[in-house]
Q: 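Right, I'll just put the structure down here and ask away after.
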Amino acid sequence: MHIGGVREMKPYLGQKGLFKMFALTFCIVIFLPIIIIGSLSYLRSSDYLKIQTEEYLGQIVLNVSNQMDTIIRDYDWLSLRIISSREVRQITTAESYTDYDSYLFQNWASNSFINDIFMQKSYIRWFSIYGSNGYVYTTDSGKNHKEIENLQQALPTNGSIKLFVIRGTTGESSTLNSNQFFVFLGRSLVYNANKTSGTFFMEIGAQQFGSIWKQVDLKGGQIWITDQNGQFIYHPESKYLGRNVGETTDMLNLSQDSGSFTCKIDGTEQFVVYRTSGYTGWKTITAVPLKELNKPVNNLRNAIVLSALFAFPLAIFIGYVFIVFIIIKPIRKIQHVMKEVGKGNWVKIEGNLPHNEIGDLIHGYNVMVEKVSELIETVYEAELRHQKEELAQKKAELQALQTQINPHFLYNTLGAINTYALTDKKQPVKEMIDALGNMFRYAVQNPLEPVKVKDEILHVENYLLIQNYRQRNMPKIEWNLAKYAEYPMLRLTLQPLIENIFNHAFPNGIEFQHTIWIEAKEKNGSFVIEVSDNGAGPEWDIPEFEFIANERGGKGGIGLSNVHRRLKLAYGNEYGIKISGKKGLGMTVIMLMPLPSMSDDDMEIP
C-alpha cells in the first residue's frame, strides 16, 4: 500500500461507531474459531493421548508380567520334572534310608540331568530336597538350612508352588551386592493324597527378571516390581529395594488387580499403570511423568498460540484496509448527506460509486433523492391546498354553529320589549335593546379570534339583564372567575350553559333559594369552568360522564350539544363538556379547555 493510502487510514483510527463494531466483530470472527478449535484440539488430543498412553503402558505392563509368568512357569515345570523322578520319590517316601541309599541318590543326581539343568538354566543358584524322613539333598554344600525351615511352614499342602523373595546374600552368593534379591521357589512333595513326603526349594537369581525389566523403554518413566506384600523386588534405584511401596510414594491406590491413576512421586506428578499377575501375585508398575506425556499436547498448544499471534496482526491489517476503504468511507459519505437531509437539504452523492452492494445503496439513495424531492414539492403544494380548504371548512362550520341563535329567546326578548314599550317604560326598553344589541355584535364577530373569560362574563351579564326583565324572580348568581379573567377561551360557550339552567333547572318557577354557581379552576392539566345549580336536577342520580352531543342541537338554538361540538372541533377530542347531577339537588355542567401556554395573541382556534 502506498504512503498516501496509509495516511488516509489514520483519521479512521479514532472512529468509534461503525469502525469499532466492524473491528470488534472481525477480532471475534478470527479469535473465536482459533480459541474454540484450539481448545477442542487440545482437549481431544490430551484425552486421546491419555488413552493411548494408558493402552501403551498397559501393554508394556502386560508383556512384562507375562514374561515373568513364563519364567516362573518354566521353573515350575522344571521343579515338577525333578520331584517326579523315581529316584526322588523313592528316597523321600522311604521310612528310613542308609548311607548307601544316600550315596546312590547323589551319584544318580550328579550323573543324570542335574548338570544339564544348571547348564541350561544359569540363573538357578541351587536347589534342595528335604524328605520327611530326614533326608536332605542340596546342590549348595554351604547352605544354611535353618532359614529354609522358616519357609517350609508357609508352603501349600496341595503341592502347588509358592514364591519367596529374600533380600541379601545366601550360600554361594555371599559375594553379591547386599541389595540383591533372590527368588525362592518352594513346594511340598505330595505323592499320596493325604501325606506330604517332604519339600523342594529352588533359588533363582533376580538378574533374570532384571534383564526383562531393564529392556523396557518408557521414555523418561520407570518400571517397578512388588511382591505380594507390596515390597519392591525391582526398582532402578537400589535404595527402594525391600521397602514398602506405600512408604516411599503416594501410591496407596493399588488394591485392585489392575488400574491407572495420577499421583505425586518424589514431588513430580506422574501417570501410573499397574497390573497384578494372577500366577505369582506380583505387581508390575509403570510410572511416567506427566510433563513427558504432555509434551506432544504442549507442542500442539504452542503451535496454535504462535499461529494465532502471527495470523491476528495480519488479519487485523487486512481487515482494517477492507473495512476502511470498502465499507467505512462510502458509509461516511452516506452519513454526511443524511445529515444534510435532516436539515432539509436533499443532496445527492457525487463521484465514482463502488461496484458492490454499497454502490447499489448509494445509487438507490440518489434515485430516492430525486423522487422524494419531486414528491415533497407535490405533497407540499397539495397539503397547503388541503390545509387552506380545511381551515376554510372549519371556519365555516364554526361560523355556522355560532350563528345558531336561539329564535325562541329572541322572540321572548322582543315580546318583553314590546310589553315595556306599550306601558311606556323607556328605561327597561333601552337597557334590553342595548343588551340585545351587544349580544348580537358579540355573536357575529370572527369565530377564530380568541376571547377572554371576562368577555364571556360580559356577554352572560347582558343575557342576565334581559332575563331579569323577563322573569318575575331571579336566582342568585355567585361568580368565582376573577382569578382567571384573562384566560383565553372559545366564544359563546359560557352563556349557553347559563341559558340551559333557565330552561330546565326551575320547571316550577324560580324561588328565592335558587342559586347558580359559576367557578373556574385548573384541574388535571386542563382549564375547567363549572356551572352548577340547586334546581330540580335529573330524573335520577347520574355520575360524572362526558356529554353525548345531540346532532340536532338543543331546542332550536345554541345548546349544550352545540358547545360540546365546538370545543372538540377547536381543541381536540379530549376536551368538551361533562355533566353530573342528583335528583332534587341540581346539575353540574363542566366545560374542559386546554390551559393557556402562549400569549393571548397566539391563542387562535385551530
Q: For the atom pair CG (D257) and OG1 (T276), what is the distance rounded to the nearest 0.5 Å?
A: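 One finds 5.0 Å between CG of D257 and OG1 of T276.
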Q: Taking the side chain as everything from C-beta on, heavy atoms only, tell me whether V288 gets closer than 4.5 Å to Q270.
A: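 A side-chain contact is absent here, since even the closest heavy-atom pair is not under 4.5 Å.
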Q: As a quick check of understanding, evaluate side-chain contact (heavy atoms from CB on, under 4.5 Å) for F200 and M202, giving each step before the final call.
A: CA-CA 7 Å; F200 173 87; M202 177 187 295; 3.7 Å; yes
Q: For W224 and A287, which heavy atoms make the closest approach, and how far apart are they?
A: CH2-CB, 3.9 Å
Q: Please name all residues satisfying side-chain hydrogen bond (donor to acceptor under 3.5 Å, both in side chains) with S79, sequence neighbours left out, ordered by chain then number.
A: R187
Q: Can you name the side-chain hydrogen bond (donor to acceptor under 3.5 Å, both in side chains) partners of E522, sequence neighbours left out?
A: Y487
Q: Side-chain donor-acceptor pair under 3.5 Å between S128 and T138, yes or no?
A: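 A pair is found: one side chain offers a donor N or O, the other an acceptor, under 3.5 Å apart.
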Q: Checking S65 now: which residues fulfil side-chain contact (heavy atoms from CB on, under 4.5 Å) with it, not counting sequence neighbours?
A: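 Once residues adjacent in sequence are excluded, the partners of S65 under the side-chain contact (heavy atoms from CB on, under 4.5 Å) criterion are D69, S277, T284.
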Q: Ignoring hydrogens, what is the shortest heavy-atom contact between P289 and T268? Give both atom names and the distance.
A: CB-CG2, 4.3 Å
Q: Quick one: list whatever passes side-chain hydrogen bond (donor to acceptor under 3.5 Å, both in side chains) with Q90, sequence neighbours left out.
A: none
Q: Any side-chain heavy atom of D76 within less than 4.5 Å of one from L80?
A: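 Side chain of D76 against side chain of L80, heavy atoms only: contact under 4.5 Å found.
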Q: Could you walk me through whether V272 and T262 pass side-chain contact (heavy atoms from CB on, under 4.5 Å), step by step?
A: CA-CA 6 Å; V272 177; T262 301; over 6 Å; no
Q: Taking all non-hydrogen atoms of both residues, which atom of Y191 and which atom of S197 are closest, and how far apart?
A: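 Smallest interatomic distance, heavy atoms only, reads CD1-OG, 3.6 Å.
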Q: Which of parallel (below 30°), tilted (30 to 60°) and perpendicular (above 60°) describes Y137 and F127?
A: tilted
Q: Measuring only between side-chain heavy atoms, which start at C-beta, is L57 closer than 4.5 Å to Y274?
A: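 Result no, sub-4.5 Å side-chain heavy-atom pair not found.
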Q: Not counting sequence neighbours, which residues clear salt bridge (charged side-chain N to carboxylate O under 4.0 Å, His left out) with E546? List them please.
A: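 Partners of E546 under the salt bridge (charged side-chain N to carboxylate O under 4.0 Å, His left out) test: K568.
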Q: Determine yes or no for a side-chain-to-main-chain donor-acceptor pair under 3.5 angstrom, with N133 supplying the side chain and A94 the backbone.
A: yes
Q: Out of curiosity, S580 OG to D541 CG, how far, rounded to the nearest 0.5 Å?
A: 10.0 Å
Q: By side-chain contact (heavy atoms from CB on, under 4.5 Å), which residues pair with S258, not counting sequence neighbours?
A: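 Once residues adjacent in sequence are excluded, the partners of S258 under the side-chain contact (heavy atoms from CB on, under 4.5 Å) criterion are R275.
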Q: From E55 CD over to I60 CD1, what is the distance, rounded to the nearest 0.5 angstrom?
A: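 The distance works out to 12.5 Å.
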Q: Work out which heavy atom in E574 is nearest to a heavy atom in L592; give both atom names and the distance.
A: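 Heavy-atom minimum between the residues: O-CD1, 4.4 Å.
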Q: Is there side-chain contact between F545 and K578, with heavy atoms separated by less than 4.5 Å?
A: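 No; the side chains remain at least 4.5 Å from each other.
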Q: Output the distance between atom CD1 (I225) and atom CD1 (I223), rounded to the nearest 0.5 Å.
A: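 Those atoms lie 5.0 Å apart.
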Q: Nearest 0.5 angstrom please: F184 CZ to K162 NZ, how far?
A: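 These two atoms lie 14.0 Å from each other.
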Q: Give me the atom names and distance for the closest heavy-atom approach of T92 to L189.
A: CG2-CD1, 3.8 Å
Q: Do the side chains of L163 and I72 get nearer than 4.5 Å, heavy atoms only?
A: yes
Q: Please check if any side-chain donor atom of K283 sits under 3.5 Å from a side-chain acceptor atom of T226, or the reverse.
A: no
Q: With sequence neighbours excluded, what pairs up with N63 under the side-chain hydrogen bond (donor to acceptor under 3.5 Å, both in side chains) test?
A: Q59
Q: Going by side-chain contact (heavy atoms from CB on, under 4.5 Å), name the residues that satisfy it together with Y100, two or more places apart in sequence or in a different chain.
A: T98, Y103, L104
Q: Report the distance from atom OG1 of T199 to atom CD1 of I83, rounding to the nearest 0.5 Å.
A: 10.5 Å
Q: Just wondering, do I91 and D101 contact through their side chains at under 4.5 Å, heavy atoms?
A: yes
Q: Taking ring-ring contact (aromatic ring centres under 6.0 Å, His included) as the test, write out the residues that go with Y135, two or more places apart.
A: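 Scan of Y135 (ring-ring contact (aromatic ring centres under 6.0 Å, His included), adjacent residues dropped) gives Y97, F105.
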Q: Name all residues meeting the side-chain contact (heavy atoms from CB on, under 4.5 Å) criterion together with S160; count only those two or more places apart in sequence or in a different chain, and write none if there are none.
A: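 Checked S160 against side-chain contact (heavy atoms from CB on, under 4.5 Å); matches are P156, N158.
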